[in-house]
Structure formats: C-alpha cells, structure tokens
Number of protein chains: 2
Amino acid sequence: MGEKQDRRIIRTRKEIKQAFISLLEEKSFDSLTVRDLTERANINRGTFYLHYLDKFDLLEKCEEEVFSRILTIFNAAAVIDVLQGEDIAVRLPFFVRIFEYLQEEAAFMKVILGPNGDPSFQEKIRQVFIKNMQDNILTGFNLSSLQVPIDLFTTYVSSAHLGVIQYWLNTGMKESPEEMTSIIFNILMNGPVKASGLITMDRM
Amino acid sequence: MGEKQDRRIIRTRKEIKQAFISLLEEKSFDSLTVRDLTERANINRGTFYLHYLDKFDLLEKCEEEVFSRILTIFNAAAVIDVLQGEDIAVRLPFFVRIFEYLQEEAAFMKVILGPNGDPSFQEKIRQVFIKNMQDNILTGFNLSSLQVPIDLFTTYVSSAHLGVIQYWLNTGMKESPEEMTSIIFNILMNGPVKASGLITMDRM
DNA sequence: ATAATAATCAACACGATGTATATTATCGAA
DNA sequence: TTCGATAATATACATCGTGTTGATTATTAT
C-alpha cells in the first residue's frame, strides 16, 4: 500500500478519489457503496480492494493526507516569531498557508466539511486549531486576566474560524488567503480577545 | 404514523429512540444496523418497520422533533421586545430557553452534534441561529457600519455559538442556562460586534 | 522482449435489508 | 369482563452489497 511508482496505481487511486468526492457531493458517506464508487471511477469492483480495505479506509486515507499537511504547516510555523512584521498576514504566515492549502484541496475539503461530511474530522481539525492557538498565539497574552474559561474561549474561536473556512469554501473562495487571514485575525484581536478579558502583554 | 394513543406504540418508539441514542454513543450512524437497534430495544426486527421506513427515517424523525421545538422557541421570542430589561438573560429569554431545552434533550443532542453525529443537522441548526440573529438581534444595530460582509459575520458568530453549545454538552452542562446566555452574549456584544464595525443604534 | 504486477472477470458465502404472511398478545371501549 | 381492533411476534423469502478467491488479460518498467 506504500509505493506509488506504477502509473496504473496512480491513475486508479486518482480516479477512485475523484469518484469519491463526486459522490459525496450528491449523497452521504453512509449511503454510498463501493459499487457506486467503482462504477463512477470506471474500474472493476475488485480493484478497489487492491487499494483500500473498505470505504471507511478510503475516507481515513483521504483525511489523513489532509490532516498531516495541516499539521506540517502549523509545525513549521512554530519556529517562526509570529509577532514580528507589520501586516497581520505577514505575522501569521501559517494561516495564509492553511488557506492556500485549502484552496488547493478545495474539492475534498468542501465535501468533507460540508453537510455530507465527517463530523469527527471536523472535530479533529478544530483540535489542531486549538493547539495552534495555544502554542503560537496565546503565548503573546496574559492568560491570568481571562474572565472566561480558557477552554470555552478556544472553543468559541476555533469553531468560529472553522465556520468561516466552510463559508469561504462554499462561496467560491473569492477572498485571497491573505484577505481571509486579515479578516479572521481582525475579528479575533479586536473581538473575542477583549471580550474574554485578555490583555496584550505589551506591544500594540 | 400519526396517532400515538396506543400504549404499545408509545412504548416501542420510546425504546427504539433510547436504543438509537445508546448505540450512537458507541458507534457511527453508518455502522449501526436495524438489527442492532431492535436487539438493544428488545423488539422484533419487523416491528421497527411498522414505525419507520429505515434507519435514515428514524434519524430524520428524531431530528425533526428537535428542530421544530427550537423553531418554536425562537418564533415565540420574536414577539418579545428583546432589548427590554436589565439583565442579559432577561433581555434574551429565548436563548435561555434554548439552553433549557438542550438540557432536557441532552442525550440526543450530545450524540447528534458529536463526532458520530449528523453534519447536515448541525448546519440546519446553524441556519436557524443565523435567522434568529437577523430577526431578533441585529435589528438593534446599524448594519451600514459593517466593515465585514454580513454573511461572514453571522457565520462567525453562529459557528462560535454552536461550538460553545457542543462544549457545554460535552462538559456535563455545569453552567446554568442563564450563565451560558450571559457568557455567549458577553462575548458577542463586547467582541465580534465591535470588531466587525457594528455600532449600536443608541442605548448603551 | 520479457518478467513483474496491476486490473479484470466470474464466482462464492455471508450478512443486512425490506417485505409478506400467519399467529399471538395487548389495547381501548362498550 | 368481554370483544373487536391492532400492535407485536415468529418465520420465511428474495435482493443487494460485501469482501474474498483463483484464473486470466493487459500494462508497466527495465
């Protein structure tokens, strides 16, 4: 299941994934069958089982790919001093890169975060957002001044951000990754932050 | 499928619903079968089909019940002047009642909004929140001062609120409905509102 | 050109589905 | 309490999707 050198393997998996996305645009994951999948992909049903254990395995593999990419982006960001630079999009390069990646994988992200999507994946992504917030953003604030439980605050913000991402994907991604980053962090910095009683450490 | 006078019908449907919730706490909706359902409910498999077309129909009926109750609460609120009174929980009675109802239906709400839940239902609930915001809250503001697209603002807030509700359900509902209303609206009024450029019409 | 291997095809047992029929148990109302 | 109505049961059935197997064909990399 590891190597992908052979053209036939690459081609088959690509068509399976395309059929998968295409089907998820129409029906729920529960109600789609391996038969549906292979018919749309124009491959033999048996061929599917040469690549995946079942449809759940396919979903998992697709999600895993996205998940590890997002983790990589956030981890790369951790070594950067996020508070340097003037423009918010420059100061928060990982968020710009997240939006760029979402744009790249828009077809899959749209269905997996959509009404026929997977709520457990949604939750996993949210947890990554929360971790990133704690590691790369909240470090610049005095947490002792919080008037709201920290978990409730991170839940609020991460849910809001995920919702905005869904909105962005569903409205055709008209704003650029830089614009989205600015919008989100403008609301974050001037909004829930003050509301929750957070006080910036010093600068700005 | 309409009348429920007969005790046997009431009893059977109640046990099916209980088994449904109980199973959703363990496994995903996709992977549970009608057989699972009827075994746990201690009824004959055929009996299930006397009440529901299939497991999807069961899910739909359960969701419909919750949905109409929430709609009723918001609609009742529409006739009240939400800006009267001093305390935020008094000024926004419909949100308190929403939390009260969620508490009442906690078992089902927890699973249906959880990792094994239904994202399409989640989205429907969010749309109701948005509608309520537009009808009962944003009427008190000058929308022309918005610096962010109105849809993006309502998406942000409704997603955040739904996230907080999920958090509340999953942490054992320690805060009272009144406390939750205060927390949410404190963040809303002092947070995203200012951030988005909203200006209050006059008072406060 | 050739050896390796991916994809196809046909067939299989298995389990869940949805339906139908006859029978039993329980209900509400007189 | 009785009795007609009907909900629940037990059983059987055809259908469909699943996951696997073995033999065959087609495509690949070298």
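By convention in this document, chain letters (A, B, ...) are assigned in the order of the sequence lines, proteins followed by strands, and residues within each chain are numbered from 1. Computed from a predicted structure; not experimentally measured.
Sorted by first and then second residue, the side chain to side chain donor-acceptor pair (under 3.5 Å) pairs with a member in residues 40-49 of chain A read A:Ser22-A:Arg40, A:Glu26-A:Arg40; sequence neighbours excluded. Pairs engaging residues 161-172 of chain B under the side chain to side chain donor-acceptor pair (under 3.5 Å) rule: none recorded [sequence neighbours left out].
Defined by atom type and a distance below 3.5 Å, a donor-acceptor pair is present between the side-chain atoms of B:Thr33 and B:Asp36.
Following rounding to the nearest Å, A:Ile43 (CD1) and D:dA26 (P) show an atom-to-atom distance of 18 Å. Look at CD on B:Glu39: it is 13 Å from P on C:dG15, rounded to the nearest Å. Note: CZ (B:Arg13) to C1' (D:dA7) measures 11 Å, nearest angstrom. Atom CD1 in B:Ile9 sits about 10 Å away from atom P in D:dT6, given to the nearest Å. With rounding to whole Å, B:Ile10 atom CD1 is found 11 Å from D:dA8 atom P.
Using a 4.0 Å cut-off between charged side-chain N and carboxylate O, A:Arg11 and A:Glu15 make a salt bridge.
Looking at residues two or more places apart in sequence or on another chain, you find no side-chain hydrogen bond (donor to acceptor under 3.5 Å, both in side chains) involving A:Asp30. Every residue was checked against the side-chain hydrogen bond (donor to acceptor under 3.5 Å, both in side chains) condition with A:Glu64, not counting sequence neighbours, and none meets it. A:Ser31 is linked by a side-chain hydrogen bond (donor to acceptor under 3.5 Å, both in side chains) to A:Ser28, counting only residues two or more places apart in sequence or in another chain. Residues satisfying the side-chain hydrogen bond (donor to acceptor under 3.5 Å, both in side chains) test with A:Glu39, not counting sequence neighbours, are none. Applying the side chain to side chain contact (heavy atoms under 4.5 Å, CB included) rule to A:Pro119 yields the partners B:Pro119; only residues at least two apart in sequence or on another chain are considered. Every residue was checked against the ring pair (Phe, Tyr, Trp, His ring centres under 6.0 Å) condition with B:Phe108, not counting sequence neighbours, and none meets it. Residues satisfying the side chain to side chain contact (heavy atoms under 4.5 Å, CB included) criterion with A:Ala107, sequence neighbours excluded, are A:Ile21.
Of all the residues in residues 17-28 of chain A, not one reaches under 4.0 Å from DNA chain C with any non-hydrogen atom.
A:His51 has a side-chain polar atom (N or O) that falls below the 4.0 Å cut-off from OP1 or OP2 of C:dA7. Contact between the side-chain N/O atoms of A:Thr12 and the OP1/OP2 oxygens of C:dA6 is not found at any separation under 4.0 Å. Phosphate contact (OP1/OP2 of C:dA7, side-chain N/O of A:Asn44, threshold under 4.0 Å): absent.
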Quiz item: In B/S/- notation, 5' to 3', how is nucleotides 17-30 of chain C contacted by protein heavy atoms closer than 4.0 Å?
Solution: BBB-----BBSS--
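Inter-axis angle, ends of the helix from C:dA1-D:dT30 to C:dA30-D:dT1, five pairs per end, rounded to 10 degrees: 50°.
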